[in-house]
Peer 1: 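This is the structure I have questions about; it appears just below.
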Amino acid sequence: MALPYDPQQIEPRWQEYWAHEGFAAVDTAGEKDLYMLMMFPYPSGDLHVGHGRNYILGDCLFRMFLMQGRKVLNPMGWDAFGLPAENAAIKRNIHPHEWTVANIGRMKDQFRRWGILYDWDKEIASCEPEYYRWNQWLFNRMLESGLAYRGKSPVNWCPSCRTVLANEQVVAGGCERCGTPVEQRDLEQWFLRITAYADRLLEGLDRLPDWPEKVKLMQRNWIGRSEGCDVRFAVEAVAEPLTVFTTRVDTIYGATFVALAPEHPLVERFRATAPDPDFGEFVDTLKNQTRLQRESEGGDKAGRFTGAYAVNPFSGERLPIWVANFVLMEYGTGAIMSVPAHDERDFAFATKYGLPIRLVIAGPGMGPDTVLSEAYSGPGAVVNSGPFSGLASEESKAAMGAFAEERGFGARKVRYRLRDWLISRQRYWGTPIPVVYCADDGLVPVPDGQLPVVLPTDIEFGGSEGNPLERSASFTAATCPKCGKPARRETDTMDTFMDSSWYYARFVNPHIRDAMIDRERVARWMPVDLYIGGVEHAILHLMYARFLYKVLHDFGMVPGDEPFTVLFNQGMITAKSKVSGKLEKMSKSKGNVIAPDALISRYGADTERVYTLFMGPPEKEVEWTDDGVMGAHRFLQRVWGLQDIVAESADRTGAAGATEEILVATHRAVKRVHDDLARYHPNTAIAAMMELINTMAEQQAAASGAALRQAYETLLRLLHPIAPHVTEEIWRILGHEGSLLGAGWPSFDAALLAKQQVTLAVQVNGKLRATVAVEPGLGAEAAGAAAREAVAKWLEGKEVAKVVHVPDRMVSFVVKG
RNA sequence: GCCGGAGUGGCGGAAUGGCAGACGCGCGGGACUCAAAAUCCCGUAUCCGCAAGGGUGUGAGGGUUCGACUCCCUCCUCCGGCACCA
């Protein structure tokens, strides 16, 4: 009898062995084979079973690749800058660096206990100067090429995190991190010109067939390209014209007013002359609203007449100019032409304020005089539009655009929803922006030779408001690199998404000191072949990374211009929230965190791995249940127990039928596990292995010892990527030397599987009436005959009109009468 | 509101247009045991039937097809994204 299955005793030993033998180490000086990567985590400290899903899936695939003899780069590092460290510093008076390093230690230990292998020689942490100096170096290059700039504009300010945020980091009007409603502030800040890459970011998506459609769609929507036309309207009594952006020039004869965003510069001209006494107050109220407040008004339209008129350049018509709450300064020109008949918002506004509604596009069943009860925004025939009447709306768009260009009062124009990436942060724990301000020379970049600009350590956290860097005399006091006089150092740090936008290229040769990346090696090892991470990064991280990779490409530093060939998004693991009672993502505040420690000490890491991979397809969201863990553990117990069966049967010749059945079941399992893992479905791969052990259990008394042993050893190899510790242990007990990682990946005999008997389904008029077991590869006639016999009673006295035969699958009779 | 994705036993989930419910959990019954746990065996969509067998069944309704969980149309529900983007 084998000893009882005792994961506590087995697992630490193998973890030590793998680390010692260096299975994950790969020399990138050699040729590339495969580069796989998990999104590097923020070192928050404790990992729960939900985090485990990502890493366990990655490790499963990694081990399979290793067994297949592939040379795989599979590194791990830390997205180590960010607010939690700084908040911990404020709260508990620990330096962020110390806090971060301690957390990294805990997380590495957790990875080890999960049995997860990485090439730790390539570990990087973005908070170390050796790493972030290259953020600064890249920033200098972008500054030189005009891709980084300092600009003043209304920006999102989170009063709780006390910093500005990029657009991508504002979710439903609140801060992505803490949910606090963001305020708009006019500040001078650092931006990266991602909008210059908008079209290339869109076009690149078409070359990523192995990314989830969902992610590509989200990015397309975020970039929000729209083709339209800028049209200039003359304004009565004002010298300069007013430019509006529209995607529907074809409706311009239907414009009955013009609307301005409250922030539009022209609005101030009319403050004194507008007819409504509360005009100024109205404008000020709108300007002071947070984005959230404006959105919370739920689409209610409000506006005021400015008292001024604009002239429609097409018709010469005078149109009243209004200020309206639904016009956004951030998009287009901050001014629109309003066509109530063909735009829902304009219709609502016109109805509320009694402005005219004029039909200019006649949709199906409409004529020039149709009275609308709601806006019609579809295509149709152009009517009431002077010389353009009679055209189709699409033709008219082109014709009117060309006309405006000829006459010089308009131009066709492409606009984007995407804004430039605001990278300034008024926080300590990030990469210092390498710039100084000199009284004589103004803004001066810190020369490459003086990098890195290192974060000071003489910092007092907590207490007073604002960025602690501003209070560090040693940091702010700088020397102007141009004139040598005293200067003030920039205290803003970079958005941490900067760090994660290029780390994958650094991993190829992470410790070089004289360059950001090793161009020669990166040319061979990039792009990442398989990138695994959560869908929450669909826009933020993945769009910034694509952007910076294109920039690196333009600088001649990397080979292609897309960094990740295959993207795999794993779903969340949820559990019942103690607060809401609903299924939610695990988090401390919801009291639904399952820590792996107790689980591992009770059942072992292999059990957690099996359960995590068995719960469902990894891209789907799944609920964690304790009963399911038991099932996984029972499976491993059964695998362990098969040792006895194999030992007892060692010398038995066995019955031919049972032996054949074991053999076929083994090959079938190999094929299924192989196919299922290749499509990232370990759940069905595990099911296939369960079927194999069920067959082994059924045939254990009758099959030959050799076949049982062969089946068992094959199973161990198939199972190793999923449950590495227990399989290594049994492999040794069976008398093998070394590791399963070097034991090869099993192959299957396709010919053997192909010659097995098949079961034909036999249908009569589409209903299943019988099944027949036949030899594979049977022709239509022979299969038809066998099937006819099986369903004779259903065919009796009827005329067979048609027979459909799908080889090795089914025969279908269509009968009459 | 717009754009995606998903609805299959008591539960998690399987099924290149070809035997719906693999595999697991749970449950019921049995074996072992003084007993329990563990383990093992049998059963488990639903309705009629002692059974053999048959009817029904993949959110609802229609359609294409010899044949639909799978493809098309309409609708419902849930989840996710965007949300006055002109």
Side-chain angles (χ1 to χ4, degrees), chain A residues 4 171-173 212-222 224-226 228-229 244-248 251 259 261 294-295 297-301 324-328 330-339 342-346 348-349 377 415-418 535-536 538-539 571-572 583 610-611 614-617 619-632 634-635 637-638 641 672 676 681 683-691 694 697-698 759-772 793 800-815:
Chain A
V171 178
E213 285 306 318
K214 177 187 161 116
V215 171
K216 289 191 277 186
L217 188 72
M218 281 169 71
Q219 292 207 0
R220 285 191 186 102
N221 290 342
W222 189 265
R225 182 192 152 98
S226 59
C229 211
V244 305
F245 175 66
T246 177
T247 54
R248 294 295 305 269
T251 64
R294 242 202 245 186
E295 278 165 14
E297 294 186 0
D300 281 352
K301 305 286 178 288
N325 66 344
F326 69 94
V327 183
L328 304 176
E330 304 93 275
Y331 188 77
T333 61
I336 61 167
M337 63 176 214
S338 286
V339 185
H342 305 295
D343 183 284
E344 211 182 305
R345 295 153 300 178
D346 297 344
F349 193 87
S377 56
R415 292 201 185 263
Y416 305 89
R417 207 185 78 107
L418 180 73
V535 73
E536 64 273 19
I539 294 172
M572 283 189 309
L583 285 179
V610 169
Y611 178 55
F614 185 62
M615 300 171 81
E619 69 275 12
K620 271 190 66 176
E621 185 178 303
V622 284
E623 182 193 354
W624 184 274
T625 59
D626 291 336
D627 289 339
V629 176
M630 288 296 301
R634 205 171 295 155
F635 167 63
Q637 294 265 27
R638 292 185 72 195
R672 283 181 55 190
D676 289 347
H681 277 208
N683 54 323
T684 49
I686 293 169
M689 290 186 254
M690 287 170 167
E691 286 182 51
N694 287 344
E698 279 160 27
T759 310
L760 291 183
V762 187
Q763 295 180 354
V764 179
N765 279 350
K767 282 198 189 288
L768 180 77
R769 292 306 181 189
T771 58
V772 295
K793 74 169 187 176
V800 176
K802 193 177 171 189
V803 182
V804 182
H805 172 239
V806 181
D808 293 347
R809 302 306 296 251
M810 53 87 63
V811 176
S812 179
F813 295 99
V814 185
V815 300

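None of the values given here were measured: they were computed from a predicted structure.
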Peer 1: Between A:F813 and A:A632, just flag the one whose closest nucleotide in RNA chain B comes earlier from the 5' side.
Peer 2: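 Looking at RNA chain B, the more 5' nearest nucleotide goes with A:A632.
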Peer 1: Quick one: label A:T771 by what it contacts on the DNA or RNA (base, sugar-phosphate, nothing), any heavy atom closer than 4.0 Å.
Peer 2: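 It contacts base atoms.
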Peer 1: Which residues within residues 800-807 of chain A lie with some heavy atom under 4.0 Å of an atom in RNA chain B?
Peer 2: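 Contacts with RNA chain B under 4.0 Å: A:K802, A:V804, A:V806.
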Peer 1: Once you apply the 3.5 Å cut-off to both distances, tell me the Watson-Crick or G-U wobble partner of B:G28, or none.
Peer 2: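 In the structure as shown, B:G28 has B:C42 as its Watson-Crick or wobble partner.
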Peer 1: Enumerate all atom pairs, one protein N or O and one N or O from nucleotides 26-32 of chain B, separated by less than 3.5 Å.
Peer 2:
none

Peer 1: Considering residues at least two apart in sequence or located in another chain, which fulfil the side-chain contact (heavy atoms from CB on, under 4.5 Å) criterion with A:T759?
Peer 2: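 For A:T759, the residues satisfying side-chain contact (heavy atoms from CB on, under 4.5 Å) (neighbours in sequence not counted) are A:T771.
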Peer 1: Could you state the atom-to-atom distance from CG of A:N221 to P of B:G4 in whole Å?
Peer 2: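 The distance from CG of A:N221 to P of B:G4 comes to 9 Å, rounded to the nearest Å.
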Peer 1: Is there side-chain contact between A:M690 and A:I686, with at least one heavy-atom pair below 4.5 Å?
Peer 2: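 Yes, their side chains come closer than 4.5 Å.
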Peer 1: Tell me which nucleotide among B:C3, B:G18, B:C19 gets nearest to the side chain of A:L768.
Peer 2: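 Per side-chain heavy atoms of A:L768, the pick is B:C19.
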Peer 1: Could you list, one pair per line, each protein nitrogen or oxygen that sits under 3.5 Å from a nitrogen or oxygen of nucleotides 11-15 of chain B, together with the distance?
Peer 2:
residue: B:G12; atom: O2'; partner: A:M615; partner atom: O; Å: 2.8
residue: B:A14; atom: OP1; partner: A:N683; partner atom: ND2; Å: 3.3
residue: B:A15; atom: OP1; partner: A:R679; partner atom: NH1; Å: 3.4
residue: B:A15; atom: OP1; partner: A:R679; partner atom: NH2; Å: 2.9

Peer 1: Which pairs of donor and acceptor atoms, one on a side chain in residues 761-768 of chain A, lie under 3.5 Å apart (sequence neighbours left out)?
Peer 2:
residue: A:N765; atom: OD1; partner: A:V815; partner atom: N; Å: 3.0

Peer 1: B:C34 pairs with which nucleotide, Watson-Crick or G-U wobble, both distances below 3.5 Å?
Peer 2: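 Base partner found: none.
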Peer 1: So, using side-chain contact (heavy atoms from CB on, under 4.5 Å) as the criterion, who are the partners of A:S377 when residues are at least two apart?
Peer 2: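 Per chain and number, A:S377 pairs via side-chain contact (heavy atoms from CB on, under 4.5 Å) with no residue.
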Peer 1: So which nucleotide from B:C84, B:G54, B:C19 ends up closest to the side chain of A:R769?
Peer 2: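 Minimum distance to the A:R769 side chain belongs to B:G54.
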Peer 1: Classify the side chain of A:E344 and the base of B:G1 as holding, or not holding, a donor-acceptor pair under 3.5 Å.
Peer 2: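 For A:E344, whose side chain was compared with the base of B:G1, there is no donor-acceptor pair (under 3.5 Å).
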Peer 1: In Å, rounded to the nearest 0.5 Å, how long is the span from CZ of A:F326 to CD1 of A:I336?
Peer 2: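 These two atoms lie 4.0 Å from each other.
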Peer 1: For A:E691, give me all partners under side chain to side chain donor-acceptor pair (under 3.5 Å), at least two apart in sequence or on another chain.
Peer 2: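 Only A:R672 meet the side chain to side chain donor-acceptor pair (under 3.5 Å) criterion with A:E691.
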Peer 1: Applying a 4.0 Å non-hydrogen cut-off, can you work out what A:G224 is touching in the nucleic acid: base, sugar-phosphate, or nothing?
Peer 2: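 Here A:G224 touches no strand at all.
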Peer 1: Taking any strand in view, what nucleotide pairs with B:G67 in a Watson-Crick or G-U wobble way, both distances under 3.5 Å?
Peer 2: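 Across any shown strand, B:G67 pairs with none.
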Peer 1: A:S812 has a side chain; which of B:G81, B:C66, B:C19 sits nearest to it?
Peer 2: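 It is B:C66.
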Peer 1: Evaluate the criterion side-chain contact (heavy atoms from CB on, under 4.5 Å) for residue pair A:V535 and A:K214; output intermediate values, then yes/no.
Peer 2: CA-CA 9 Å; A:V535 73; A:K214 177 187 161 116; 3.9 Å; yes
Peer 1: Could I get the full list of side-chain contact (heavy atoms from CB on, under 4.5 Å) partners for A:P212, not counting sequence neighbours?
Peer 2: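 side-chain contact (heavy atoms from CB on, under 4.5 Å) list for A:P212, sorted by chain: A:V215, A:L567, A:N569.
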Peer 1: Listed by chain and number, what are the side-chain contact (heavy atoms from CB on, under 4.5 Å) partners of A:E344, not counting sequence neighbours?
Peer 2: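 Expected list: none.
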Peer 1: B:C40 P sits how many Å from A:F635 CZ, rounded?
Peer 2: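 Checked: the CZ to P distance equals 13 Å.
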Peer 1: State, with a plain yes or no, whether a side-chain heavy atom of A:R417 is found less than 4.5 Å away from one of A:E330.
Peer 2: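 When only atoms from C-beta onward are counted, A:E330 and A:R417 do not touch, as no gap falls below 4.5 Å.
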Peer 1: Sort out the partner of B:A83 for me: Watson-Crick or G-U wobble, both distances under 3.5 Å, none otherwise.
Peer 2: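 Answer to the pairing question: none, since B:A83 forms no Watson-Crick or G-U pair.
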Peer 1: Is there a donor-acceptor contact under 3.5 Å from the side chain of A:Y611 to the main chain of A:D626?
Peer 2: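 No, because the side chain of A:Y611 does not come within donor-acceptor range (under 3.5 Å) of the backbone of A:D626.
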Peer 1: Between B:G18 atom C1' and A:N765 atom CG, what is the distance in whole Å?
Peer 2: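 Atom-to-atom, A:N765 to B:G18, this comes out as 16 Å.
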Peer 1: Grab the CG-P distance between A:L418 and B:C82 for me, whole Å please.
Peer 2: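 After rounding, the gap between these two atoms is 14 Å.
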Peer 1: Just to be sure I understand the rule, does A:R638 reach a base, reach only the sugar-phosphate, or reach nothing, if contact means heavy atoms closer than 4.0 Å?
Peer 2: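 Answer is sugar-phosphate: A:R638 comes under 4.0 Å of backbone atoms only.
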Peer 1: Considering residues at least two apart in sequence or located in another chain, which fulfil the salt bridge (charged side-chain N to carboxylate O under 4.0 Å, His left out) criterion with A:D346?
Peer 2: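 By the salt bridge (charged side-chain N to carboxylate O under 4.0 Å, His left out) rule, A:D346 matches no residue at all.
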Peer 1: Looking at the side chain of A:R809, which of B:C84, B:G18, B:C66 is the nearest nucleotide?
Peer 2: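 Nearest to the side-chain atoms of A:R809, counting from C-beta on, is B:G18.
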Peer 1: Polar atom pairs between nucleotides 56-58 of chain B and protein, under 3.5 Å, N or O only, would you list them?
Peer 2:
residue: B:U56; atom: OP2; partner: A:K767; partner atom: NZ; Å: 3.4

Peer 1: Out of B:C23, B:A86, B:G4, which nucleotide sits closest to the side chain of A:Y331?
Peer 2: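 Of B:C23, B:A86, B:G4, B:A86 is nearest to the side chain of A:Y331.
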Peer 1: Under the rule for side chain to side chain donor-acceptor pair (under 3.5 Å), what residues qualify as partners of A:Q637, not counting sequence neighbours?
Peer 2: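 With neighbours one apart ignored, the set is A:H633.
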Peer 1: Please tell me if the side chains of A:M689 and A:D676 come closer than 4.5 Å, counting only heavy atoms from C-beta onward.
Peer 2: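 A:M689 does not reach A:D676 side chain to side chain.
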Peer 1: Please tell me which of the listed nucleotides, B:C23, B:G54, B:G18, lies nearest to the side chain of A:M690?
Peer 2: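 Selected nucleotide: B:C23.
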Peer 1: Nearest of B:A86, B:C23, B:G81 to any side-chain atom of A:M218?
Peer 2: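 Minimum distance to the A:M218 side chain belongs to B:G81.
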Peer 1: Now, which nucleotide makes the Watson-Crick or G-U wobble pair with B:G57, with each of the two distances under 3.5 Å?
Peer 2: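 Because no pair has both required distances under 3.5 Å, B:G57 counts as unpaired.
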Peer 1: Considering every strand and a 4.0 Å limit on heavy-atom distances, what is the contact class for A:E691: base, sugar-phosphate, or nothing?
Peer 2: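 Touches sugar-phosphate only.
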Peer 1: Would you say the side chain of A:V806 lies within less than 4.5 Å of the side chain of A:M810, judging by non-hydrogen atoms?
Peer 2: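 When only atoms from C-beta onward are counted, A:V806 and A:M810 do touch, with a gap below 4.5 Å.
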Peer 1: Tell me whether the OP1 or OP2 atom of B:A22 has a side-chain N or O from A:N694 closer than 4.0 Å.
Peer 2: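 Answer no for this pair, as no side-chain N or O of A:N694 is under 4.0 Å from OP1 or OP2.
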